[in-house]
Every structure is written in C-alpha cells, then in structure tokens.
Amino acid sequence: MVENLYLRLAYSPGKQRNDENKKRTVLGNFTTSHELFEQKVEFPNINFEEVATATNNFSDSNMLGKGGFGKVYKGKLEGGKEVAVKRLGTGSTQGVEHFTNEVVLIAKLQHKNLVRLLGCCIHGEEKLLIYEYLPNRSLDYFLFDDSKKSMLDWRTRFNIIKGVARGLVYLHQDSRMTIIHRDLKASNILLDEEMSPKISDFGMARIFGSNQHQANTKHVVGTYGYMSPEYAMEGIFSVKSDTYSFGVLVLELISGSKISSPHLTMDFPNLIARAWSLWKDGNAEDFVDSIILESYPISEFLLCIHLGLLCVQEDPSARPFMSSVVAMLENETTARPTPKQPAYFVPRNYMAEGARQDANKSVNSMSLTTLQGR
Ligand SMILES: Nc1ncnc2c1ncn2[C@@H]1O[C@H](COP(=O)(O)OP(=O)(O)OP(=O)(O)O)[C@@H](O)[C@H]1O
C-alpha cells in the first residue's frame, strides 16, 4: 500500500545542529535541509510490511551492500517492481539526518543522471528509503575488480564521465537550488542496464541559498581521498569541492585504480600525484588503464587526464565549474587552461592497515590531515 506521507521536522536537534545554527547566523542565507524539512514535503510512504516481504525480511541473501549509514537490500514489490531498500541504522542522529536529507532533496530533483527515490517508510525506529533498482549496481563494483573491469570499455567510461558531469551541472545550477553533494565517489555512482550513470546518496548533501557561494563546517563528512584540501582541512565547501571529487573520479576511471590504491608506491602518495607526475613529464599515456589503452583515440584519454588535473587543483577558484567541464567534454576544441600542480594530502594515520581498509567508506567526521608533496 502506498500513501502520501507529509513529513515534518521530526527529531530534536543535537549538538551538530546547534553548530550549524551558529554558522547559519554568520553565513546569512545558508539553508540546511532541516529548514526545508520544516516545510511540508509530500512523498510516497511505502508500507513497512510490504517492504519486509519484498526483501525476504531483510535477509542476507537479498543484501546488495553496506554503506556508512546502513545496509541496502534488493526487493520485489507487489506487482513485480524491483527496488533497492536502504535500511538506516537505528538510533543515531546522523542516520536521521541522512534520511531527511535524502527524502527532502531527491523528492525535489529529477534528472536522468540522478537516482530516483520511489518512496520512504517510517515505522517505529525503522527508517527505510526505497529507490529504483539499478541492475549493474555501483561503479566501484566493476572498476576496482580485476575480473570485472574489462566490462567497462573506454566508450562506457567516457559516457559515465559525461553523465556524472551533467548530473552535477544539474545539481549545481540547473535545478531550482544549488546543491553540493559532498560525497561523490565511485560507490555513489550507480549504473543502469545500459551502464549509464546515476548519482546517488544525498545523505550528506547541502543546499545553498541564491547568493551563497561557499559554507564551512566543523563537522567534515565525506570520504577520504575524494575530499578537497580546503574541505578536509578547513571545513570549507562549495560547488568546487564537488568539482574536486569529480576530478578524482575521472582519474580513477582512466587509470582503473583507486585514489588510495595500495599498488601505488611511496613515490606517489596517491593517484593524483601519479597522474600529475606522468602528465607533466609528457608520459600521460602511461597513466591509462592497460585494458582500455588500445583501439581508442589517445586524444580522449589526454583530454580526460587534463580535465581531471584541472578539477583537483589546490585553489578552488582555479577549478572549473561543472558547466565548463561539460563544455570541454563535449567539444575537444574548447580552450583548456593549463593545470597547476595539485596538493596531495592524506589523512594522518592513513597508511595504517585499518584506515586503508575503510578508505572508501563515508566518514562522519575527520579530524586531521597532513599536506605532502607541495
Ligand atoms: N538503487 C540501487 N540499486 C542497486 N544497488 C544499489 C542501489 N543503491 C545502493 N546499491 C548497492 O548498495 C551498496 C551500498 O550503498 P550505500 O549507498 O549505502 O553505501 P556506499 O555508497 O557503498 O557507502 P557510503 O555509505 O560509505 O557512502 C552500493 O555500493 C551498491 O552496490
């Protein structure tokens, strides 16, 4: 049974909310999703029993994956529609925030490169988000698995780059709001049956008011390696922090390596360092994943490496807006500035085994980072 749910602010703000309130006073018209949440949002509420039945009572065999905020299950609704159900961990304020953000934001957005949220469910302590099911799961599932990455030929990777860029332009400037995603990464790019990309996971996104260009927070959230230096170290975020994460994603797609790949030697603290070093020495071809290197025009690889390096520059104002990125991707003759040397940074203790294993999970706070290789 599906009925419309009118959502109203339903939780008491904790410490984090207080911090953000203080900041809002300083920043003027900075709008958090909580404020929108205080407005009424009409959204399909899917019955809990129906979701439980659809997912075989949230059985492990239906589990598609596990993120920082809960497990995701495959389900089949009455009538046969396949869905993905995110079951948020109970009891945490951050889980509630994640839930409200997703519902309020995605309910208002529609673009072919954004995942569709079909409904939600609040049932006692349970909070569920019900999405369209994307049969090819997420980009990381293919790109970082040696036995699957050959399924991502260059044409597919190039289309993914272009689709994600268009989705970001929509978020940043073409929807009625300016939305900063704040956690763009390979596992948040879902792939449909044609391997077209859909940006997912808006649990950490923030909305800016019309004259707002940047904001800062003491509560840094996101994923190691994809965070821009100014965000990781000073908590400053803007559309240009998403541009940075996009640049990292582009470099991962070209090289077929993770930003934090253990295969990188100590000469290269991360993938950005390697890309920069090879590009400036005129050896950018060596950066390209050997699986895709043959049979495609080298000019497209070089364009994308160049673009990736422009996006990860240290100075946010030197990074292109996503609309310029799309223009460069769609027309190889569009002028491209020369990228400056990026700043490589890794979180303190990042080389520790435990930290590396969790490197691609979203974090709810990040304390210290160290700069290297300037
Ligand atoms: N709509 C969907 N269709 C198919 N698979 C999905 C869908 N949504 C999520 N998944 C799968 O579930 C996994 C977990 O997703 P989730 O967004 O919770 O976490 P994550 O992005 O891996 O990590 P984090 O929460 O740290 O960002 C994804 O990697 C993906 O494989």
Side-chain angles (χ1 to χ4, degrees), residues 46 51 54-55 58-77 81-90 92 94-99 101-103 105-106 109 111-121 127-145 148-149 151-152 160 163-164 167 180-205 220-227 242 245 248-249 252 258-260 347 355-366:
I46 301 181
V51 184
T55 56
F58 304 101
S59 75
D60 283 351
S61 58
N62 282 52
M63 202 168 99
L64 292 168
K66 187 177 174 212
F69 290 93
K71 295 177 179 171
V72 180
Y73 298 86
K74 183 175 177 184
K76 206 178 233 187
L77 295 177
K81 185 163 183 57
E82 290 187 318
V83 290
V85 179
K86 188 183 272 193
R87 188 186 203 185
L88 295 168
T90 52
S92 87
Q94 263 130 24
V96 176
E97 189 190 2
H98 192 89
F99 180 85
N101 244 357
E102 285 268 5
V103 173
L105 275 170
I106 311 196
L109 301 175
H111 187 273
K112 67 175 182 171
N113 296 116
L114 302 188
V115 73
R116 277 197 60 216
L117 185 65
L118 304 174
C120 62
C121 171
K127 283 170 198 67
L128 309 174
L129 294 160
I130 296 101
Y131 301 90
E132 62 177 318
Y133 172 69
L134 291 159
N136 282 318
R137 304 174 67 164
S138 43
L139 177 58
D140 59 326
Y141 182 71
F142 290 94
L143 190 58
F144 304 136
D145 182 327
K148 298 195 187 80
K149 66 163 59 173
M151 292 164 79
L152 293 174
I160 291 172
V164 174
I180 320 296
H181 186 284
R182 297 208 300 174
D183 199 17
L184 191 76
K185 58 178 172 176
S187 69
N188 285 339
I189 306 300
L190 302 179
L191 300 169
D192 70 9
E193 49 290 312
E194 276 148 18
M195 300 299 260
S196 293
K198 295 192 186 257
I199 301 172
S200 75
D201 223 336
F202 288 77
M204 297 184 188
V220 173
V221 295
T223 302
Y224 298 134
Y226 290 88
M227 288 182 203
D242 280 352
S245 310
V248 173
L249 191 69
E252 289 186 327
K258 284 185 186 173
I259 177 70
S260 53
R356 267 204 181 277
Q357 276 173 8
D358 283 343
N360 293 305
K361 286 270 163 268
S362 301
V363 292
N364 297 322
S365 67
M366 179 167 168

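As the structure lists them, so they are numbered: ligands from 1, and atoms in each ligand from 1.
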J.: To the nearest 0.5 Å, tell me how far Lys148 NZ sits from Leu143 CG.
T.: 12.0 Å
J.: Between ligand 1 and Glu132, can you find any atom pair, the residue atom being a heavy atom, that is separated by under 4.0 Å?
T.: yes
J.: Using residues 81-89 as the side-chain source, report each donor-acceptor pair under 3.5 Å to any protein atom, sequence neighbours left out, with the distance given to one decimal.
T.:
unit_1	atom_1	unit_2	atom_2	d
Glu82	OE2	Lys74	NZ	3.2
Lys86	NZ	His98	NE2	3.3
Lys86	NZ	Asp201	OD1	3.2
Arg87	NE	Glu126	OE1	3.1
Arg87	NE	Glu126	OE2	3.4
Arg87	NH2	Glu126	OE2	2.6

J.: Looking only at atom types and distance, does a side-chain atom of Thr223 sit under 3.5 Å from a main-chain N or O of Asp183, one as donor and one as acceptor?
T.: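 Side chain of Thr223 to backbone of Asp183: no pair is present.
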J.: Does ligand 1 have any atom sitting under 4.0 Å from a heavy atom of Lys185?
T.: yes
J.: Would you check whether Ser187 has a nitrogen or oxygen atom less than 3.5 angstrom from a nitrogen or oxygen atom of ligand 1?
T.: yes
J.: Under 4.0 Å from a heavy atom of Gly65: give me the atoms of ligand 1 that qualify, with their elements.
T.: 12 (O), 13 (C), 14 (C)
J.: Answer yes or no: does an N/O atom from Val72 fall short of 3.5 Å to an N/O atom of ligand 1?
T.: no
J.: Atom NZ of Lys76 and atom CG of Asn62: how far apart are they, to the nearest 0.5 Å?
T.: 11.0 Å
J.: Donor-acceptor pair, His111 side chain versus Lys198 backbone, under 3.5 Å?
T.: no
J.: Looking at ligand 1, would Tyr133 count as a contact under a 4.0 Å heavy-atom criterion?
T.: yes
J.: Closest by any non-hydrogen atom to atom 2 (C) of ligand 1: pick that one out of Gly67, Gly203, Ser138, Ala84.
T.: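 Among Gly67, Gly203, Ser138, Ala84, the closest heavy atom to atom 2 (C) of ligand 1 comes from Ala84.
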J.: Counting only heavy atoms not in Arg116 (residues, nucleotides, ligands), do more than 12 fall under 6.0 Å from its CZ?
T.: no
J.: Provide the number and element of each atom of ligand 1 under 4.0 Å from a heavy atom of Asp201.
T.: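 Under 4.0 Å from Asp201, ligand 1 has these atoms: 17 (O), 21 (O), 25 (O), 27 (O).
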J.: Between Asn113 (side chain only) and Pro197 (backbone N and O only), is there a donor and an acceptor less than 3.5 Å apart?
T.: yes
J.: To which of Leu134, Asn136, Leu139 does the heavy atom nearest atom 4 (C) of ligand 1 belong?
T.: Leu134
J.: Within the 4.0 Å heavy-atom shell around Leu190, which atoms of ligand 1 are there?
T.: 1 (N), 2 (C), 7 (C), 8 (N)
J.: Can you name the closest pair of heavy atoms from Ser187 and Ser138 and give their distance?
T.: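 Here Ser187 and Ser138 meet closest at O-CB, 3.5 Å.
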J.: Would you confirm whether Glu252, through its side chain, and Lys258, through its main-chain N or O, come within 3.5 Å as a donor-acceptor pair?
T.: no
J.: Check each atom of ligand 1 against the heavy atoms of Asp183 and keep those under 4.0 Å away; list them by number with element.
T.: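 Atoms satisfying the 4.0 Å criterion: 27 (O).
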J.: With a cut-off of 4.0 Å, which atoms of ligand 1 are near a heavy atom of Lys86?
T.: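 Here the atoms of ligand 1 in question are 17 (O), 18 (O).
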J.: Using a plain distance cutoff, I'd like to know if Ser200 has any nitrogen or oxygen under 3.5 Å from a nitrogen or oxygen of ligand 1.
T.: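 The answer is no, given that Ser200 and ligand 1 share no N or O pair closer than 3.5 Å.
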